[in-house]
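Shown next, in structure tokens, is the structure this report addresses.
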Amino acid sequence: MALVHYPVVNKNGDVITSAVTNLDLHDIARAAKTYGIKLFYVVTPIVDQKTLVEKIVSHWTEGLGARYNPKRREALELIRIEETLEKVVDDIRKSCGVSPKTVVTSAKNDFRSISYGKFREILKNGKPYLLVLGTAWGLSDGFIAGADYVLEPVKGPADYNHLSVRSATAIILDRLMANEN
């Protein structure tokens with residue numbers, strides 16, 4: 001799974017690099033650990049942001065935080081930091097021997113969207129897949145166009161559709177990975 005901070009869009013549709021947030025790291029890592037995700041990549045090209053992530057992660061995996069909260073340590077140990085999604089794909093290719101198929105998320109409808117049920121079935125083939133989540137107002141259209149799959153949006157009964165990436169991730173992981181009983 002990868003949380004991408006570039007290329008994402010702002011509310012005006014401009015392609016930007018968004019800021020890493022501490023809450024995203026903690027909450028998404030905990031959801032990833034809960035649902036058996038192997039690695040959680042944080043993708044940002046900004047050196048200061050990568051340094052911030054390293055500092056937060058090391059506090060909870062090696063520092064006082066690791067002793068204070070071992071459960072948090074287990075979750076944050078899933079985090080890897082890369083500057084591009086291409087480097088994430090290369091890392092997965094090196095460990096699996098094959099490039100993962102990319103599955104992007106979006107709050108917008110896309111004619112290529114697949115359902116959670118369909119993707120659950122696809123996951124059973126044992127091949128590597130990389131679930132890609134965007135920050136800010138979502139992944140750029142160009143980025144989405146290059147993906148192998150687009151997962152259907154998370155929608156509730158209301159017209160409002162602007163979840164935090166933390167909330168959307170938890171819902172998506174539950175829909176894809178929860179026990180079916």
Hydrophobic cluster membership, with links at side-chain heavy-atom distances under 4.5 Å among I/L/V/M/F/W/Y: are [X] and [Y] in one?
X: L163; Y: Y35; answer: yes
X: V165; Y: V154; answer: yes
X: M177; Y: I28; answer: yes
X: V20; Y: I16; answer: no
X: F40; Y: V57; answer: yes

Is there a side-chain contact between [X] and [Y] in this structure, where contact means two heavy atoms from C-beta onward sitting under 4.5 Å apart?
X: V89; Y: P100; answer: yes
X: V4; Y: T135; answer: no
X: I114; Y: I122; answer: yes
X: M1; Y: T169; answer: yes
X: R67; Y: L64; answer: yes
X: P45; Y: T84; answer: no
X: V103; Y: L130; answer: no
X: V88; Y: R80; answer: no

Give me each pair satisfying salt bridge (Lys or Arg N to Asp or Glu O under 4.0 Å) with a member in [range], each pair once, sequence neighbours excluded.
range: residues 122-136; answer: E121-K124
range: residues 3-19; answer: none
range: residues 41-53; answer: K50-E83

What distance separates [X] [atom1] from [Y] [atom2], expressed to the nearest 0.5 Å?
X: L123; Y: K101; atom1: CG; atom2: NZ; answer: 13.5 Å
X: I46; Y: T17; atom1: CD1; atom2: OG1; answer: 4.5 Å
X: L173; Y: L176; atom1: CG; atom2: CG; answer: 7.0 Å
X: T105; Y: L131; atom1: OG1; atom2: CG; answer: 6.0 Å
X: E77; Y: R72; atom1: CD; atom2: CZ; answer: 13.0 Å
X: I81; Y: I56; atom1: CD1; atom2: CD1; answer: 9.0 Å

[X]: partners by side-chain hydrogen bond (donor to acceptor under 3.5 Å, both in side chains), with sequence neighbours left out:
X: S167; result: S164
X: E152; result: none
X: R30; result: none

Stepwise side chain to side chain contact (heavy atoms under 4.5 Å, CB included) test for V42 and L25: CA-CA 8 Å; V42 177; L25 300 177; 3.6 Å; yes
Heavy-atom pair of closest approach, residues [X] and [Y]:
X: V9; Y: S140; value: CG1-CA, 4.0 Å
X: A2; Y: L85; value: CB-CD1, 3.9 Å
X: A136; Y: S18; value: CB-CB, 4.0 Å
X: V8; Y: G134; value: CG1-CA, 4.3 Å

Donor-acceptor pair, side chain of S113 and main chain of N109, under 3.5 angstrom: no
By salt bridge (Lys or Arg N to Asp or Glu O under 4.0 Å) - contacts of R93 (at least two apart):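 With neighbours one apart ignored, the set is D90.
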R166: salt bridge (Lys or Arg N to Asp or Glu O under 4.0 Å) partners, not counting sequence neighbours: D24, D27
Atom pairs and distances, donor-acceptor, side-chain atoms in residues 141-151, under 3.5 Å, two or more places apart:
| unit_1 | atom_1 | unit_2 | atom_2 | d |
| --- | --- | --- | --- | --- |
| D141 | OD1 | K108 | NZ | 3.0 |
| D148 | OD2 | T102 | N | 2.8 |
| D148 | OD2 | T102 | OG1 | 3.4 |

Cation-pi, Y116 ring and R175 (6.0 angstrom, 45 degrees):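 Yes, a cation-pi geometry holds between R175 and Y116.
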Pairs involving residues 60-102, ordered by first then second residue, that meet ring pair (Phe, Tyr, Trp, His ring centres under 6.0 Å) (sequence neighbours left out): H26-W60
Non-neighbouring partners of F119 that pass ring pair (Phe, Tyr, Trp, His ring centres under 6.0 Å), sequence neighbours left out: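 Counting only residues at least two positions away or on another chain, F119 forms a ring pair (Phe, Tyr, Trp, His ring centres under 6.0 Å) with Y129.
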For residues 155-162, run the donor-acceptor check on the side chains, cut-off 3.5 Å, and write out each pair with its distance to 0.1 Å, sequence neighbours left out.
| unit_1 | atom_1 | unit_2 | atom_2 | d |
| --- | --- | --- | --- | --- |
| N161 | ND2 | A107 | O | 3.0 |

